[in-house]
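Just so it is clear: chains get the letters A, B, ... in the order the sequence lines come, proteins before strands, and each one is counted from 1.
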Protein chains: 2
Amino acid sequence: MVVAGRQPLSRRRVLEEAVRFTDREGLEALTMRRLGSELGVKAMSLYNHVPNKSALLDGMVEVLLGELEVPPETHDWEERIKEGYRAFRRLAHEHPNVFPLLVNRPPDTMDGAWLVEELLQTLRRAGFERETALHAFRALSSYAFGYAMAEIRGFTLEPNGSRLGARSLSPAEFPNLCELAPYLEEVDHDREFEFGLELIIAGMRDRS
Amino acid sequence: MVVAGRQPLSRRRVLEEAVRFTDREGLEALTMRRLGSELGVKAMSLYNHVPNKSALLDGMVEVLLGELEVPPETHDWEERIKEGYRAFRRLAHEHPNVFPLLVNRPPDTMDGAWLVEELLQTLRRAGFERETALHAFRALSSYAFGYAMAEIRGFTLEPNGSRLGARSLSPAEFPNLCELAPYLEEVDHDREFEFGLELIIAGMRDRS
DNA sequence: GGCGAGATCCTTACGTTGTAAATATATGGT
DNA sequence: ACCATATATTTACAACGTAAGGATCTCGCC
């Protein structure tokens, strides 16, 4: 007799739990044993649904990109482009510990391809020619990815460590940095992201 | 009597060998034992010069940024900005296996701060006000970092896997992507990077 | 109802990893 | 010559990914 028979494990359930768990505990806490126990199962059981850990991580990226919302068509190409990258950045906010997996594993899923297709189409319809559209697309993508990663892990170039926090730099040597120090932490990232997006699109406007 | 007494190990020597080794063999091949043996020493000896592996990686980032060439002043702010980010991107090319460490460990070194200071100064002198300069700086940095990472590890959004290489997408569903498929691989990245840089700077030009 | 096959899960075990602890060796100042 | 300090080694441990083999569950078919 079954009380509340544990619903059978499946690839999807494993992947989704992996994402949930990683959101909660961080990537380096994600081990096969830990994930197994989270699902009420021993580590080796996971190998029935996933060939190895690397494939597990791939699958998590798949789940991540599955949540990507491709924006509906609009008459305004600029707004559509922006919406697309906003949705991309939103992924980083919703899954800050999973998003960085994109660094090591460019996706193999259709979900990412859909967004790309829509963005490229939007650019082509806006009048950009083939290669210009590709270059612009990649500029925007690099920016959006770089910015989202910076929000999660810190800006790569800025000294934000404890040892060298901007307030310990001598204002004589680093006047501009020190002048900005108070702002560095409390910037409204939504606005800042929009600023950069607008910057690039303004540059494109000149060309179309 | 000393034949060719092994020069004494030191933090610098450890870090530099770690970078050299990682350049050659990749990040996941870098283990304490392996690095030790590369230096003619057992793993535990390294702990005399580095408190743990995480600190070793931090040190490698330090070495990486130490190679950053801050461009000399010019009268042309646009050119100076470009030179700065070119130098940053060059790091990725010279140490493709070390550069990605920047993702997890924003630097604690002065070397990075120098570039930031120079870039901010250049922007201020070009007439941008404080916060605009910061936003623009971050837009450029995000772009440059995102692009460099994409060169190393693949563009995050583009389907470039084996399963889903662009040529296996149906042209009916993905006309724009398929149309571009032949170009995706053989783009001149130098040119493309410059294109994006110019795009952002053009956007800034409108504002100053 | 019962049986057999395939899917699912568990146990055990192995090699590797980072690193703590204790020990040994070399070096340099007095 | 001697000792303090810095450096190197040995040994050991817990945690990791996962191979191999055995146990158990599930479900279609007689």
Asker: May I have the distance from Lys42(A) (atom NZ) to dA23(D) (atom C1'), rounded to whole angstrom?
Answerer: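 In whole Å, dA23(D) C1' lies 15 Å from Lys42(A) NZ.
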
Asker: Could you tell me whether the phosphate oxygens of dA7(C), OP1 or OP2, come under 4.0 Å of any side-chain nitrogen or oxygen in His49(A)?
Answerer: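 Looking at the OP1 and OP2 atoms of dA7(C), neither is under 4.0 Å from any side-chain N or O of His49(A).
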
Asker: Please report the distance, rounded to the nearest Å, between CG in Leu56(B) and P in dG18(C).
Answerer: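 My rounded result for the distance is 10 Å.
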
Asker: Please report, rounded to the nearest Å, how far the P atom of dT17(C) is from the CG atom of Leu46(B).
Answerer: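 Value for this atom pair: 14 Å.
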
Asker: Does Arg90(A) pair with Glu94(A) as a salt bridge, N-O distance under 4.0 Å?
Answerer: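 No, no charged N to carboxylate O under 4.0 Å.
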
Asker: What orientation do His189(A) and Tyr147(A) show, parallel under 30°, tilted 30 to 60°, or perpendicular over 60°?
Answerer: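 It falls in the perpendicular class, over 60°.
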
Asker: Counting only distance, no hydrogens or angles, is the base of dA7(C) paired donor-acceptor with the side chain of Asn48(A) under 3.5 Å?
Answerer: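 Check fails, no donor-acceptor contact within cut-off.
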
Asker: For Ser141(B) and Tyr85(B), test the side chains for any donor-to-acceptor distance below 3.5 angstrom and give the result as yes or no.
Answerer: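 Looking only at side-chain atoms, Tyr85(B) and Ser141(B) do form a donor-acceptor pair, the distance falling under 3.5 Å.
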
Asker: For the pair Glu17(A) and Arg20(A), find out whether any cationic side-chain nitrogen is under 4.0 Å from an anionic carboxylate oxygen.
Answerer: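 Answer for the salt bridge query: yes.
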
Asker: Taking the side chain as C-beta and beyond, is there a heavy-atom pair between Glu194(B) and Arg191(B) under 4.5 Å?
Answerer: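 No. Closest side-chain heavy atoms not under 4.5 Å.
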
Asker: Verify whether the ring centers belonging to Phe145(A) and Tyr143(B) lie closer than 6.0 Å.
Answerer: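 For Phe145(A) and Tyr143(B), the ring centres are not under 6.0 Å apart.
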
Asker: What is the separation between atom CZ on Arg13(A) and atom P on dT8(C), rounded to the nearest whole Å?
Answerer: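 After rounding, the reported distance stands at 13 Å.
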
Asker: So, does Ser45(A) get its side chain near the phosphate of dT8(C), meaning an N or O under 4.0 Å from OP1 or OP2?
Answerer: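 Negative; the distance criterion is not met.
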
Asker: Specify the separation, in whole Å, of atom CG of Leu9(B) and atom P of dT7(D).
Answerer: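 One finds 9 Å between P of dT7(D) and CG of Leu9(B), rounded.
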
Asker: Could you pull out the protein-nucleic contacts involving nucleotides 16-20 of chain D (nitrogen or oxygen on both sides, under 3.5 Å)?
Answerer:
residue : atom : partner  : partner atom : Å
dG17(D) : OP1  : Lys53(A) : NZ           : 2.6
dG17(D) : OP2  : Met32(A) : N            : 3.0
dG17(D) : N7   : Arg33(A) : NH2          : 2.6
dG17(D) : O6   : Arg33(A) : NH2          : 2.9
dT18(D) : OP2  : Tyr47(A) : OH           : 2.8
dT18(D) : OP2  : Lys53(A) : N            : 2.9
dT18(D) : O5'  : Tyr47(A) : OH           : 3.4

